[in-house]
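See below for the structure under consideration.
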Amino acid sequence: EVQLVESGGGLVQAGGSLRLSCAASGFTFDDYAIGWFRQAPGKEREGVSCISSSDGSTYYADSVKGRFTISSDNAKNTVYLQMNSLKPEDTAVYYCAADRYGLILDYGLGYDGMDYWGKGTLVTVSS
C-alpha cells in the first residue's frame, strides 16, 4: 500500500522555523520526484517545492525561495521541508505528493498530475 505521511506542522510565531517531514512507503522512492504543496483557507493549492529523489534536483516557488529548503534522505524514504523566516501568509495545510515520472521537474510546480498524496499537516504562523 502506497503511503505518504506528513508530520512536523504546528503553530509558530512569525520569523520562526518548522521542519516538515514526508515519510513514504509502498513504492520505489528513488524513482520518484516528491513535491510539497500547500493550500490556505479559501485559496487554491499551490506548489511550494519539489525534489528529484534520483539526482537531488530542487525547485522552489518564488514566494519561498531563500527561506525554505527541501531535502531527501533516500535511506529513510523521507523528504523534508525546512521552513525558516516564516510569515503569516505561509499559513496553510501542507501536503507532500509523489510523481512517478518526475514530470513536475519538467512542467514546474503548477503540474497537476501527481500520483500519490498525503493527507497533509497544518502550519499556522501567527503575527
Side-chain angles (χ1 to χ4, degrees):
E1 179 188 5
V2 172
Q3 278 194 317
L4 292 169
V5 180
E6 303 95 336
S7 61
L11 174 64
V12 64
Q13 288 187 333
S17 298
L18 284 173
R19 188 177 81 156
L20 305 184
S21 299
C22 171
S25 61
F27 60 94
T28 306
F29 186 77
D30 294 1
D31 294 340
Y32 283 67
I34 305 295
W36 282 101
F37 299 79
R38 66 186 181 186
Q39 188 165 20
K43 295 188 177 181
E44 291 188 356
R45 186 181 64 206
E46 63 171 337
V48 174
S49 182
C50 65
I51 186 168
S52 165
S53 298
S54 60
D55 67 12
S57 301
T58 59
Y59 295 91
Y60 297 93
D62 287 343
S63 58
V64 306
K65 204 170 291 184
R67 299 189 298 122
F68 290 11
T69 303
I70 192 170
S71 61
S72 177
D73 185 338
N74 287 15
K76 296 183 178 180
N77 284 7
T78 300
V79 170
Y80 304 98
L81 186 68
Q82 178 67 44
M83 307 187 296
N84 298 330
S85 302
L86 282 161
K87 304 175 181 180
E89 51 263 44
D90 294 318
T91 295
V93 177
Y94 283 70
Y95 302 88
C96 66
D99 169 16
R100 180 176 181 179
Y101 298 108
L103 295 177
I104 189 174
L105 301 169
D106 295 324
Y107 290 103
L109 292 170
Y111 178 62
D112 195 25
M114 305 301 281
D115 295 286
Y116 306 115
W117 289 86
K119 295 183 178 180
T121 186
L122 176 63
V123 172
T124 304
V125 184
S126 63
S127 57

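Computed from a predicted structure; not experimentally measured.
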Quiz item: How long is the gap from CZ on R38 to CZ on R45, to the nearest 0.5 Å?
Solution: 13.5 Å
Exercise. Tell me, yes or no, whether the heavy-atom count around D112 atom CG, taken from other residues, nucleotides or ligands under 6.0 Å, exceeds 12.
Key: no
Quiz item: With ILVMFWY side chains joined below 4.5 Å, transitively, what does L11's cluster contain besides itself?
Solution: none
Quiz item: Hey, are the side chains of L109 and C50 touching, using non-hydrogen atoms and a 4.5 Å cut-off?
Solution: yes
Quiz item: Step by step, would you call T121 with S7 a side-chain contact (heavy atoms from CB on, under 4.5 Å)?
Solution: CA-CA 6 Å; T121 186; S7 61; 5.7 Å; no
Quiz item: Measuring from T69:OG1 to Y80:OH, what's the distance to the nearest 0.5 Å?
Solution: 14.5 Å
Quiz item: Mind checking whether Y95 and W117 have parallel, tilted or perpendicular rings, split at 30° and 60°?
Solution: perpendicular
Quiz item: Can you name the ring pair (Phe, Tyr, Trp, His ring centres under 6.0 Å) partners of F29, sequence neighbours left out?
Solution: none
Quiz item: Is the backbone N or O of D31 less than 3.5 Å from a side-chain atom of T28, with the two atoms forming a donor-acceptor pair by type?
Solution: no
Self-check item: In one Ile/Leu/Val/Met/Phe/Trp/Tyr side-chain cluster, 4.5 Å: I34, Y94
Solution: yes
Quiz prompt | Closest heavy-atom pair and its distance - K76, T78 | solution = O-OG1, 2.8 Å
Exercise. For residues G102 and A33, report the shortest heavy-atom separation together with the two atoms involved.
Key: CA-CB, 3.8 Å
Practice problem: For K87 and D90, run salt bridge (charged side-chain N to carboxylate O under 4.0 Å, His left out): C-alpha distance rounded to whole Å, both residues' side-chain angles, the deciding distance at 0.1 Å, then the answer. | Solution: CA-CA 5 Å; K87 304 175 181 180; D90 294 318; over 6 Å; no
Quiz prompt | Heavy-atom donor-acceptor pair, S53 side chain to Y32 backbone, under 3.5 Å | solution = yes
Quiz item: Hey, are the side chains of S72 and V79 touching, using non-hydrogen atoms and a 4.5 Å cut-off?
Solution: yes
Quiz prompt | Where V123 and G9 come nearest, the two heavy atoms and their spacing | solution = CG2-CA, 4.1 Å
Practice problem: Enter the distance from D30:CG to N74:CG here, rounded to the nearest 0.5 Å. | Solution: 4.5 Å
Exercise. Drop me the distance from R19's CZ to M83's CE, to the nearest 0.5 angstrom.
Key: 11.5 Å
Quiz item: Would you say the side chain of W36 lies within less than 4.5 Å of the side chain of F68, judging by non-hydrogen atoms?
Solution: no
Self-check item: Salt bridge present between K119 and E6 (N-O < 4.0 angstrom)
Solution: no
Practice problem: For D99 and I104, work out which heavy atoms get closest and say how close. | Solution: OD2-N, 2.7 Å
Self-check item: Closest approach of L4 to C22 (non-hydrogen atoms, all atoms of both residues)
Solution: CD2-SG, 3.8 Å
Quiz prompt | Cluster link V2 to V5, ILVMFWY, side chain under 4.5 Å | solution = no
Quiz item: Is V64 reachable from V12 through a run of I, L, V, M, F, W or Y residues, each pair having side-chain heavy atoms under 4.5 Å apart?
Solution: yes
Practice problem: To the nearest 0.5 Å, tell me how far C96 SG sits from I70 CD1. | Solution: 9.5 Å
Exercise. Treating Ile, Leu, Val, Met, Phe, Trp and Tyr as nodes and any side-chain heavy-atom pair under 4.5 angstrom as an edge, say whether L20 and Y116 lie in one connected cluster.
Key: yes
Exercise. Kindly give the heavy-atom pair with the smallest separation between L122 and A92, and that separation in Å.
Key: CD1-O, 3.6 Å
Quiz prompt | Joint hydrophobic cluster, M114 plus Y59, side-chain heavy atoms closer than 4.5 Å | solution = yes
